[in-house]
Amino acid sequence: EILENNPIKKGLYAFDTSFNSICEDRTISCTPDAFGQLAQEGKTNLTLDLLFALRNLPVIRLLRSKTNHGTLRSDLLKLISAVTSDNFHFDRIKPLLTAALTDNRDDALIWDQVYNAVTESLTSPKQLTPPTAFERAVFNTPLRSSSASQRGIKQTHNKVNQRILEELTGRVYYDIRGFYERYFEGKS
């Protein structure tokens with residue numbers, strides 16, 4: 001009912017204009033398939049144009065978020081931030097772009113694809129590598145521990161060695177089962 005009372009209509013006009021301009025500049029056909037022919041910068045710009053247009057529609061303040069307690073607008077703002085990152089995967093948003101680029105737009109399909117893009121982009125694993133010390137750092141505390149921070153009689157030699165090793169090499173994995181036997185035992 002919310003969507004019926006708040007149709008998109010010409011709300012994507014700026015996005016349409018941007019898409020047509022990009023296609024004309026690159027002399028490619030203005031079809032949904034054109035997105036795949038764009039370079040990274042073109043994909044980013046076109047995606048942001050769509051997300052900004054959707055962000056400005058009044059209905060976005062009425063649609064509930066599926067990822068938190070706010071509205072879809074707050075999720076869309078997070079998605080905009082994700083799109084500008086270097087490691088955003090545009091395949092997560094391609095169905096939304098396709099829905100928005102078709103001649104006979106279906107508002108319900110567009111909003112479903114917005115929800116899908118938000119859910120997939122904001123709830124999927126963000127990194128394939130373990131977190132670094134910087135990501136866990138609390139402000140007003142040192143970003144790295146150093147051997148100089150080891151004070152007091154209760155600090156053991158093993159803890160000092162571990163801290164020094166982490167300081168020299170960054171994040172280190174320790175207590176890995178079978179590591180010593182595999183790489184050091186029996187070798188001279």
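Note that these values count all heavy atoms, side chains included, but never hydrogens, waters or copies made by symmetry.
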### Task
Look only at the side chain of Ser74 and the backbone of Thr71, and say whether a donor-acceptor pair between them is shorter than 3.5 Å.
yes

Summary of side chain to side chain donor-acceptor pair (under 3.5 Å) pairs that have at least one residue in [range], sequence neighbours excluded:
range: residues 23-35; answer: none
range: residues 36-56; answer: Ser18-Asp49
range: residues 75-84; answer: Ser65-Asp75, Thr67-Asp75, Asn68-Asp75

Mind checking the [atom1]-[atom2] spacing from [X] to [Y]? Nearest 0.5 Å is all I need.
X: Ile60; Y: Leu72; atom1: CD1; atom2: CG; value: 4.0 Å
X: Glu120; Y: Arg92; atom1: CD; atom2: CZ; value: 6.0 Å
X: Ile22; Y: Ile28; atom1: CD1; atom2: CD1; value: 8.5 Å
X: Ile2; Y: Leu62; atom1: CD1; atom2: CG; value: 5.5 Å

### Message
Going by side-chain contact (heavy atoms from CB on, under 4.5 Å), name the residues that satisfy it together with Thr98, two or more places apart in sequence or in a different chain.
### Response
Pro32, Lys94

### Summary
Taken in chain and number order and not counting sequence neighbours, the residues that satisfy side-chain contact (heavy atoms from CB on, under 4.5 Å) with Asp106 are Ala108, Leu109

### Task
Flag yes if Phe52 and Trp111 sit in one hydrophobic cluster, no otherwise; membership is Ile, Leu, Val, Met, Phe, Trp, Tyr, and two members link when side-chain heavy atoms are under 4.5 Å apart.
yes

### Message
Are Leu57 and Leu77 connected into the same hydrophobic cluster when the rule is that any two of I, L, V, M, F, W, Y join if their side-chain heavy atoms are below 4.5 Å apart?
### Response
yes

### Query
Just wondering, do Leu96 and Asn116 contact through their side chains at under 4.5 Å, heavy atoms?
no

### Non-hydrogen side-chain atoms of Leu51 and Ile93 separated by less than 4.5 Å
yes

### Task
Tell me, please, which residues at least two apart from Phe88 pass ring pair (Phe, Tyr, Trp, His ring centres under 6.0 Å).
Phe90

#### Entry: Taking every non-hydrogen atom, the tightest pair across Asn20 and Cys30
OD1-SG, 3.6 Å

### Query
Where do Asp107 and Ile8 come nearest, in terms of heavy atoms and distance?
OD2-N, 2.7 Å

### Task
Check step by step if side-chain contact (heavy atoms from CB on, under 4.5 Å) holds for Leu46 and Phe15.
CA-CA 7 Å; Leu46 187 61; Phe15 166 71; 3.5 Å; yes

### Task
Could you tell me which residues satisfy salt bridge (Lys or Arg N to Asp or Glu O under 4.0 Å) with Arg64, sequence neighbours excluded, listed by chain and number?
none

### Message
Using the salt bridge (Lys or Arg N to Asp or Glu O under 4.0 Å) criterion, which residues pair with Asp16? Sequence neighbours excluded.
### Response
Arg105

